[in-house]
Asker: 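Take a look at this one; I'll ask things after.
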Amino acid sequence: MSTTTENAATTAATTIPTTMRAVVVHAPGDYRLETRPVPTPGPGELLLRTDAVGICASDLKCYHGAAKFWGDDNRPAWAETNRIPGHEFVGTIVAGDDDTLTKRKVTLGDRIACEQIVPCWECKYCLEGAYWMCNVHDMFGFKGYDGAMAEYVLVPAKALTHPVSSALPGQVAAFAEPLSCAFHAVERGDIKFGDTVVIAGAGPIGLSAIAGARQKNPLRIIALDVVEAKLDLARKVGADITINIAEDDAVARVKELTDGYGADVYIEATGHPSAVPQGLNLLRKLGTFVEYSVFKDNVSVDWSIISDDKELDVRGAHLGPHTWPAAIKLLETETLPMSEICTHQFPLEQFQEALDLVGDSAGASVKVSIIPALHA
Ligand SMILES: [Zn+2]
Ligand SMILES: [Zn+2]
């Protein structure tokens with residue numbers, strides 16, 4: 001990456017204002033819309049006009065000050081103070097030097113998505129290629145770099161970027177983030193053609209995992225949720241069978257469908273504590289449990305089911321390494337019912353309403369996004 005300032009000259013396609021509207025973190029429960037200077041890209045950096053930014057469960061967890069960062073005691077349980085949140089975004093390149101544009105194989109006016117993690121490229125994990133587990137773990141909108149709940153967002157030299165078609169609505173293009181994360185969860189499940197795959201939760205991640213599992217085409221994809229409308233969506237993105245667990249016993253149904261054995265793979269995408277024992281119980285012996293969601297509280301289970309009883313493979317999954325191009329490709333095929341998944345778009349002025357809606361688990365929202373070009 002270039003560190004010379006000689007070729008830092010930026011070329012602006014459009015007139016870029018000097019200030020912008022941005023949501024700023026002050027404390028848990030205290031985010032404010034403020035006027036901030038528009039960042040000026042230096043060498044290796046790009047400036048994006050934000051097309052859309054999605055809000056995810058992790059944003060909400062930080063908003064409530066309930067995030068845990070294991071192994072980093074110095075970090076508060078929320079996004080850094082003074083930080084602009086927003087890690088699920090796409091934007092249009094409005095400034096950047098020629099070297100940077102060439103290196104990233106883009107031109108001014110192109111739309112790109114950025115991976116949420118900004119790897120340090122120096123730690124043990126980054127050097128091993130496991131950049132998504134970077135020890136520094138800087139992430140847009142949480143730590144180290146400002147996110148995209150603003151009219152403009154700066155792409156640092158260390159960021160990973162991917163081109164996305166400008167023909168997609170912004171909120172659909174920004175869905176590349178949750179979709180790539182769910183694709184990673186699917187890959188962690190090592191799905192085989194003969195598998196019965198159960199996916200718990202039909203929110204943004206669960207629906208994305210169903211869409212991803214469909215790409216792998218196993219024998220059977222079963223979706224679990226308690227909201228009928230979400231189960232409808234689950235079928236539209238590729239579930240063969242849906243079970244409303246408020247009405248039906250998921251463990252009994254799955255066993256019935258698998259000659260009494262149980263599922264081969266279970267992907268947990270609800271964040272609800274009861275979904276953990278549910279998965280352990282409905283898996284067959286030697287099955288694979290993939291944990292993706294974020295929990296508010298600790299979850300306890302009978303660990304002997306993992307060892308003595310079933311010899312399960314229990315795997316975590318974090319972020320979406322190496323899955324972005326495939327996720328973007330799927331969005332660009334326009335085969336997913338994205339207008340039904342991206343249920344709500346708000347202007348920046350209504351960020352609070354948007355956050356509250358994501359927090360309302362009984363509500364009708366699936367993916368809530370902020371579109372800075374919209375005005376209240
Ligand atoms: Zn997210
Ligand atoms: Zn690193």
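What you see below is based on every heavy atom in this structure, not just the backbone, and it leaves out hydrogens, waters and symmetry mates. The first residue of the sequence shown is numbered 1, and numbering continues consecutively from there. Remember, it's 1-based here, ligands and their atoms both numbered in the order they're listed.
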Asker: Which single N/O/S atom of His87 lies at minimum distance from the Zn ion (ligand 1)?
Answerer: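 Distance check against the Zn ion (ligand 1) picks out NE2 in His87.
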
Asker: If you draw a sphere of radius 2.8 Å around the Zn ion (ligand 2), how many protein N/O/S atoms end up strictly inside it?
Answerer: 4

Asker: In Glu177, which N, O or S atom comes closest to the Zn ion (ligand 1)?
Answerer: OE1

Asker: Anything under 30° is parallel, anything over 60° is perpendicular, the rest tilted; go ahead and classify His87 against Phe142.
Answerer: tilted

Asker: Evaluate the criterion ring pair (Phe, Tyr, Trp, His ring centres under 6.0 Å) for residue pair Phe89 and Phe140; output intermediate values, then yes/no.
Answerer: CA-CA 10 Å; Phe89 64 93; Phe140 280 107; 5.0 Å; yes

Asker: For the side chain of Lys310 and the backbone of Leu280, is there at least one donor-acceptor N/O pair under 3.5 Å apart?
Answerer: yes

Asker: Among the N, O or S atoms that Glu88 has, which is closest to the Zn ion (ligand 1)?
Answerer: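 The Glu88 atom nearest to the Zn ion (ligand 1), restricting to N, O or S, is OE2.
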
Asker: Any donor and acceptor pair, going by atom type alone, linking the side chain of Thr343 with main-chain N or O of Ser365 inside 3.5 Å?
Answerer: no

Asker: Checking the side chain of Arg188 only, and the main-chain atoms of Gly316 only, is there a donor and an acceptor separated by less than 3.5 Å?
Answerer: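 Side chain of Arg188 to backbone of Gly316, a donor-acceptor pair under 3.5 Å: yes, one is there.
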
Asker: Report yes or no: do Phe289 and Phe183 belong to one cluster of Ile/Leu/Val/Met/Phe/Trp/Tyr joined by side chain heavy-atom distances under 4.5 Å?
Answerer: no

Asker: Only one of Val23, Asp51, Thr50 passes side chain to side chain contact (heavy atoms under 4.5 Å, CB included) with Pro372; say which it is.
Answerer: Thr50

